[in-house]
Amino acid sequence: MSRKIWVFDTTLRDGEQVPGAKLNLYEKVEIAQQLKKLGVDIIEAGFPASSQGDFDAVQAVAQKVGNTSDIIITALARAVKADIDSVYHAVKQAENPMIHMVLGTSDIHVEKKFNKSKDQILQIGVDAVKYAKTLLPEVQYSTEDASRSEFEYLWHTIESVMKAGATMINVPDTVGFAEPEEFGAMIYKLNDRMKNLNPDVLLSVHCHNDLGMATANTLAAVKNGADKVECTINGIGERAGNAALEEVVMALKTRSSIYNVTTQINTKEIMNTSRLVSSFMGLDVQVNKAITGDNAFAHSSGIHQDGLLKSRDAYEIVHPEDVGLDDMELILTARSGRHAVKNALEKLGFSQLSKEDFEGIFEGFLALADAKKEVYDHDLYVIVENYYEKNDMANATNYSDHFFEFDDLQVVSNSSFPSASVKIRKGGEVFKASAVGSGPIDALYSAIADITKINVKLVEYDISSVSRGKDALGKVKITISHEGEKYVAKAADTDILKASALAYMNAVNSVIVAGLKESSVQPVAANS
């Protein structure tokens with residue numbers, strides 16, 4: 001029978017310590033609600049002694065999210081009475097509240113940070129736990145910088161605070177110094193001693209990613225007896241961040257035969273949680289980030305695409321559906337092979353192409369793919385149309401008449417009347433429109449919408465730099481919704497306003513493609 005691993009999420013405390021990622025009360029409560037939906041066991045909602053605003057936010061989480069006994073709400077305190085009181089008053093209205101305190105155990109922290117003796121620090125910790133136990137039954141004690149601590153002093157501290165009443169012991173790799181084999185061996189020794197002393201006390205780990213080993217160290221700890229893991233969504237946190245919840249959970253699930261443990265995480269809520277945290281904190285997830293990055297389930301290599309189309313197990317160990325995505329994404333680029341392009345064409349209805357016709361169309365695809373970073377479905381329609389026309393095929397359909405093509409724009413940005421004018425083509429027609437908005441992008445998108453007449457809602461707008469210097473490429477990624485369906489599109493240009501317009505046009509054309517698939521406008525087989 002597999003044992004349970006408790007998942008402690010500290011996105012709202014350690015994650016919020018990232019510069020510029022401060023959350024207001026409403027945002028903290030919203031993320032906490034999603035974390036509860038995700039299925040975490042414990043939410044660390046903040047550091048209430050740091051400010052009145054954070055106290056109020058932690059209190060709101062305790063009241064609105066901690067109103068059921070299936071989740072523990074806690075917050076961080078230093079091992080001083082004022083901090084402990086602040087945590088107690090902030091979380092006490094939760095059904096299942098806990099006080100979490102931290103105090104260093106490494107020589108660096110004891111001698112240089114606190115300028116006290118080891119015995120003095122140990123007594124401060126014991127007294128703090130005893131006081132916290134007079135307020136709440138659940139108390140977690142964190143031995144800060146444990147991975148750089150002298151082992152016997154670390155154990156003496158843990159033993160003492162357990163006898164004082166601590167119900168959870170957290171062993172942090174505070175500066176990401178640990179190495180998996182070494183960290184696992186330390187956890188094994190601590191677990192053995194703790195279980196002999198009091199088997200009811202949970203052993204927890206909190207790993208940082210300074211050397212890129214936070215997830216590996218966390219998994220090594222689980223393998224060696226740790227009962228609980230402390231993580232953040234998307235791995236955010238101080239400096240290089242923390243162990244990423246989604247990585248740890250999916251590793252435990254995917255390699256269940258190795259770890260033989262379970263969590264109560266609803267993995268289908270991982271992407272929803274990741275996107276909410278990213279949006280509220282304004283922290284983009286790196287595209288190649290495991291599990292939650294844009295490219296985690298996207299494939300552009302022709303060899304990989306061919307293998308996936310033959311058997312998904314060839315290159316996919318985690319199914320995107322397991323983490324809340326619809327399906328894997330085969331991105332058509334100049335590196336894509338014939339199998340992927342043929343598959344994309346068949347999905348659009350071009351399923352009866354002769355070998356000669358397909359090769360001609362594939363040649364057109366490669367020419368466009370070399371010019372563009374990514375080829376969309378509407379581009380495929382136009383490639384097919386161009387091939388039909390080039391070869392004087394009688395049944396050629398003017399697919400391009402259905403799609404909008406960006407031509408030019410002019411944007412005026414000021415504090416009073418941001419405005420935009422655009423020129424867009426559709427088939428042989430040219431359309432012009434102007435609009436004002438709350439900002440230049442709003443005005444630009446309003447002008448385009450006046451022409452397309454397609455009712456869409458902008459769900460997400462992300463902008464990032466692809467390169468450096470004055471001629472840097474700006475990349476825009478947008479998500480729109482139309483009749484309950486979401487569409488994602490990207491574009492890049494040295495002019496970020498042009499990139500914004502191109503991304504919007506790509507998204508709108510994706511909506512049109514979806515309509516063509518369902519309407520009577522279906523492609524016909526070419527007669528060679």
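Everything quoted here is computed from the prediction, not taken from an experiment.
For Q34 and T273, the side-chain atoms include at least one donor-acceptor pair closer than 3.5 Å. Side-chain N/O atoms of T167 and E138 include a donor and acceptor closer than 3.5 Å. Counted by atom type alone, Q140 and E44 present zero donor-acceptor pairs between their side chains at under 3.5 Å. Side-chain atoms of N242 and T232 form no donor-acceptor pair, as typed in the model, at a separation below 3.5 Å.
In terms of modelled atom types and a separation under 3.5 Å, the side chain of N234 and the main chain of A244 share no donor-acceptor contact. No donor-acceptor pair closer than 3.5 Å links the side chain of E269 to the backbone N or O of N272. With hydrogens and angles disregarded, a donor-acceptor distance shorter than 3.5 Å links the side chain of S510 to the backbone of N506. Checked by atom type and distance alone, the side chain of S354 pairs as donor or acceptor with a backbone atom of D357 at under 3.5 Å. Judged purely by atom type and a 3.5 angstrom limit, Y504 has no side-chain atom pairing as donor or acceptor with the backbone of A499. Proximity of a side-chain donor or acceptor of T218 to a complementary backbone N or O of A214 within less than 3.5 Å is detected. Not one N or O on the side chain of Q93 forms a donor-acceptor pair closer than 3.5 Å with the backbone of A62. Formation of a donor-acceptor pair under 3.5 Å by the N191 side chain with backbone atoms of A226 is not found in this model.
You'll find the side chain of V229 stays beyond 4.5 Å of the side chain of W6, heavy atoms only. Contact check for L35 versus I233: side-chain heavy atoms found under the 4.5 Å cut-off. Residues D70 and D41 form no side-chain contact, since every pair of their non-hydrogen atoms from C-beta on lies 4.5 Å or further apart. For the pair V205 and N217, the minimum side-chain heavy-atom distance is 4.5 Å or more. Contact of the L12 side chain with the I31 side chain is registered, since non-hydrogen atoms from C-beta on lie closer than 4.5 Å. Taking the side chain as every heavy atom from C-beta outward, H206 and T10 approach each other to under 4.5 Å. Side-chain contact check for K36 versus N67: some heavy-atom pair is nearer than 4.5 Å. The side-chain heavy atoms of D14 and H208, taken from C-beta on, include a pair separated by under 4.5 Å.
By the 30° and 60° cut-offs, the orientation of the rings of H482 relative to Y487 is tilted. In this pair, Y26 and F280 present their aromatic rings tilted. The plane angle is within the 30 to 60° band.
Around atom CD of E181, no more than 12 heavy atoms belonging to other residues, nucleotides or ligands sit under 6.0 Å away. By the 6.0 Å contact criterion, CD on E363 is open, its count of non-hydrogen atoms from other residues, nucleotides or ligands being 12 or less. Within a 6.0 Å radius of CZ in F177, other residues, nucleotides and ligands contribute 12 heavy atoms or fewer. Taking a 6.0 Å sphere around CZ of R3, one finds it holds more than 12 heavy atoms contributed by other residues, nucleotides or ligands. Annotation: K195, atom NZ; neighbour count of heavy atoms from other residues, nucleotides and ligands within 6.0 Å is above 12. Other residues, nucleotides and ligands contribute over 12 non-hydrogen atoms within 6.0 Å of the NZ atom of K4. Atom NZ of K228 has more than 12 heavy atoms from other residues, nucleotides or ligands within 6.0 Å. The environment of NZ in K22 is crowded: more than 12 heavy-atom neighbours from other residues, nucleotides or ligands sit within 6.0 Å.
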Test log, rule side-chain contact (heavy atoms from CB on, under 4.5 Å), inputs L23 and M281: CA-CA 7 Å; L23 300 168; M281 289 189 165; 3.6 Å; yes
Verdict with reasoning, I512 to F404, per side-chain contact (heavy atoms from CB on, under 4.5 Å): CA-CA 9 Å; I512 295 171; F404 292 96; 3.7 Å; yes
Evaluation steps, side-chain contact (heavy atoms from CB on, under 4.5 Å), between M271 and T292: CA-CA 6 Å; M271 287 306 304; T292 55; 4.0 Å; yes
Candidate pair E247 and T215, rule side chain to side chain donor-acceptor pair (under 3.5 Å), full reasoning: CA-CA 7 Å; E247 294 176 13; T215 296; 2.7 Å; yes
Test log, rule salt bridge (charged side-chain N to carboxylate O under 4.0 Å, His left out), inputs R275 and E460: CA-CA 10 Å; R275 288 165 176 167; E460 190 174 348; 5.7 Å; no
Working for side-chain contact (heavy atoms from CB on, under 4.5 Å), residues L458 and T479: CA-CA 6 Å; L458 183 63; T479 303; over 6 Å; no
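To the nearest 0.5 angstrom, S204 atom OG is 8.0 Å from M168 atom CE. Considering CG of L219 and CE of M213, their distance stands at 13.0 Å, rounded to 0.5 Å. Taking NZ of K426 as the start and CG of N509 as the end, the distance is 9.5 Å to the nearest 0.5 Å. The structure places CZ of F8 at 14.5 Å from CG of D227, a figure rounded to the nearest 0.5 Å. L276 contributes atom CG, which lies 11.0 Å from atom CG of L38 (distance to the nearest 0.5 angstrom). Distance CG/N224 to CG/L190: 10.5 Å, rounded to 0.5 Å.
Put simply, the residue from V91, I72, T74 that forms a side-chain contact (heavy atoms from CB on, under 4.5 Å) with H100 is T74.
The nearest pair of heavy atoms linking A178 to F183 is CB-CD1, 3.7 Å. When every heavy atom of Y259 is checked against every heavy atom of K223, the shortest pair comes out as CE2-CE, 3.8 Å. The two atoms that bring D442 and G437 nearest to each other are OD2-CA, 3.2 Å, heavy atoms only. The two atoms that bring A240 and N209 nearest to each other are CB-O, 3.4 Å, heavy atoms only. Closest heavy-atom contact between T267 and D322: OG1-O, 2.6 Å. Minimum heavy-atom separation, I496 to K475: CD1-N, 4.1 Å.
The pair E246-K289 meets the salt-bridge criterion, since a charged nitrogen lies less than 4.0 angstrom from a carboxylate oxygen. D462 and K477 are not joined by a salt bridge, as no carboxylate oxygen comes within less than 4.0 angstrom of a charged side-chain nitrogen.
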